[in-house]
Amino acid sequence: MHEMALCEGVVGLVEDEARKQSFTRVKSIVLEIGVLGHVEPEAMLFCFDAVSRGTIAEGAHLVIERTPGAGWCLDCGKTVPLTERFGACPDCGQHHVQMTSGDELRVRELEVE
Amino acid sequence: MCTVCGCGTETIEEHHHDHDHDHPHHHEELAPIEGLIDAGGGIAGVHVPGLSQDRIVRIERDILSKNNAYAAENRHRFARTGTFVLNLVSSPGSGKTTLLCRTIEALKTRMPIAVIEGDQQTSNDAERIRATGVAAVQVNTGKGCHLDAHMVGHALDSLPLERGGVLFIENVGNLVCPAAFDLGEAHKVVVLSVTEGEDKPAKYPDMFAAADLMLLTKSDLLPHLDFDVGACMAAALRVNPRLQILTLSAKTGENLEAFLAWIEARATRRVRA
């Protein structure tokens, strides 16, 4: 249901953009969703069809690109890959890691006509 | 859903959704820079092999940006009235409303209080709050699983805020979705009862990461349970090292004074600032 609200957000952004850039049909929408975020891509795909019906985004192909997780380890003083949001540093095993990427949630581009 | 401003299907008690409000929308225009040749700078703003250049529109906007804009509006509104706002989040049944009623009873003679209640259906909680003598507005989210900043903005239209008061927003009972939606509050307060699992902060980390204060409630039941308070705190602090934690009971009043002091200190500082 959370994804439902986010899909409404996606459709809202597309409609804003359609007003600004005067297009009438959207062929595809590219979303960037971080792997550490709280959004389930499958659920986004599931909700999108229902939410976009009757809007300018109806029938658009939803492309979801995943951004890998990374964080700054305070102990190692470097950027390390993260596989879970509050996970330990893979090098030193400590939990002093500040997430720097992986919770992105954005509409990156639209293919329109 | 309203396609102009994105109002959802929520209903707000005693509020007519006739759209006489206006939401300022700011659009940044992309200005071309002289002397710059940018392969991605065409009409579309990006070059993608295999796709025709004039058909790609790059927007790069956070999906939550609309909610965040409404949250910023709410925050301005709270700043004007010097209102200290807490967003109470938890799973259903943690005792948020009972805690809130006890808190209001203790604080209402010291400062103005208002409440926004979020639930999928019924006005039961708002009625419980009104029984304490303070103003409350119920927002029914219908199918929605969280309050968003736009719903809160509408609720504020029918809820007069007195200067220097406290506004409690009791979110929909849900330990997942409300974490992502800023309502314009000063702090999220996550309520966890000791009848739930002590590993909840590890299972639902987003909410505990988003909160500034955790209230471990129903502490009067601890003698009857195997709940490990230390393990629970450790799990919460792993997710959020800055989290403050209070263990209390709304039923016996144990430690309630500490929560009241936490609120009063911050609310007072806000009015002075």
Side-chain angles (χ1 to χ4, degrees), chain A residues 1-23 25-33 36-40 44 50-57 63 74 84-88 94-99 103-113, chain B residues 1-9 25 27-30 40 43-46 48 51-52 54-68 120 141-148 150 172 174 176-181 201-202 204-210 235 237-241:
Chain A
M1 281 193 287
H2 173 69
E3 278 77 7
M4 191 74 91
L6 294 175
C7 280
E8 287 176 351
V10 172
V11 172
L13 290 183
V14 171
E15 285 171 338
D16 282 354
E17 211 60 29
R19 272 190 291 276
K20 275 198 284 182
Q21 314 232 16
S22 323
F23 54 80
R25 202 170 92 81
V26 184
K27 290 165 79 177
S28 67
I29 300 172
V30 180
L31 298 186
E32 202 175 294
I33 300 180
L36 306 181
H38 34 64
V39 174
E40 195 47 59
M44 286 295 280
V51 169
S52 61
R53 208 159 294 153
T55 73
I56 191 171
V63 180
L74 295 171
E84 53 179 327
R85 194 176 174 104
F86 303 100
Q94 295 296 306
H95 279 266
H96 305 148
V97 185
Q98 291 171 335
M99 182 174 57
D103 72 340
E104 292 79 3
L105 181 56
R106 60 204 329 220
V107 181
R108 211 181 56 206
E109 62 197 39
L110 309 173
E111 190 188 354
V112 303
E113 59 178 35
Chain B
M1 185 175 119
C2 157
T3 53
V4 177
C5 65
C7 305
T9 51
H25 296 284
H27 301 296
E28 297 82 14
E29 298 297 336
L30 295 170
I43 298 168
V46 66
V48 176
L51 292 170
S52 54
D54 61 346
R55 297 250 174 108
I56 300 292
V57 175
R58 188 150 210 177
I59 60 176
E60 300 235 16
R61 270 174 66 189
D62 283 346
I63 295 166
L64 287 167
S65 61
K66 212 157 198 167
N67 182 72
N68 292 343
Q120 281 199 312
T141 56
K143 298 269 176 275
C145 49
H146 57 267
L147 290 176
D148 64 37
H150 190 241
V172 177
N174 175 351
V176 183
C177 309
F181 291 82
Y204 301 93
D206 290 330
M207 190 63 87
F208 293 85
L237 289 171
R238 170 162 292 182
V239 164
N240 181 356

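Small disclaimer: the values here were computed from a predicted structure and weren't measured. Letters A, B, ... mirror the listed sequences (proteins, then strands); counts begin at 1.
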Task: Engaged part of A:Glu17 at the chain B interface, taking heavy atoms whose separation is under 4.5 Å - done: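 Just the side chain, heavy atoms under 4.5 Å.
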
Task: chain B contact via A:Arg108 - which portion, at a heavy-atom distance below 4.5 Å - done: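 Both parts, backbone and side chain.
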
Open item on the list: Which residues pass the side chain to side chain donor-acceptor pair (under 3.5 Å) test with A:Arg53, not counting sequence neighbours?
Closed with: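 Side chain to side chain donor-acceptor pair (under 3.5 Å) check on A:Arg53 returns nothing, list empty.
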
If you measure from [atom1] on [X] to [atom2] on [Y], what distance do you get to the nearest 0.5 Å?
| X | Y | atom1 | atom2 | answer |
| --- | --- | --- | --- | --- |
| A:Arg106 | B:Arg61 | CZ | CZ | 11.0 Å |
| A:Leu105 | B:Ile63 | CG | CD1 | 4.0 Å |
| B:Ile59 | A:Lys20 | CD1 | NZ | 8.0 Å |

Task: Within 6.0 Å of CZ in A:Phe86, more than 12 heavy atoms from elsewhere - done: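 Check passes, neighbour count above 12.
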
- [ ] Mind checking ring pair (Phe, Tyr, Trp, His ring centres under 6.0 Å) for B:Phe208 and listing every partner two or more places apart, or none if nothing turns up?
- [x]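 Ring pair (Phe, Tyr, Trp, His ring centres under 6.0 Å) list for B:Phe208, sorted by chain: empty.
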
Open item on the list: To check you understand the geometry: which heavy-atom pair defines the closest contact between B:His146 and A:Ala5, and what is its length?
Closed with: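 That closest heavy-atom pairing would be CE1-CB, 3.6 Å.
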
Task: Non-hydrogen atoms of B:Phe181 and A:Leu6 that approach each other most closely - done: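 Nearest heavy atoms, B:Phe181 then A:Leu6: CZ-CD2, 4.3 Å.
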
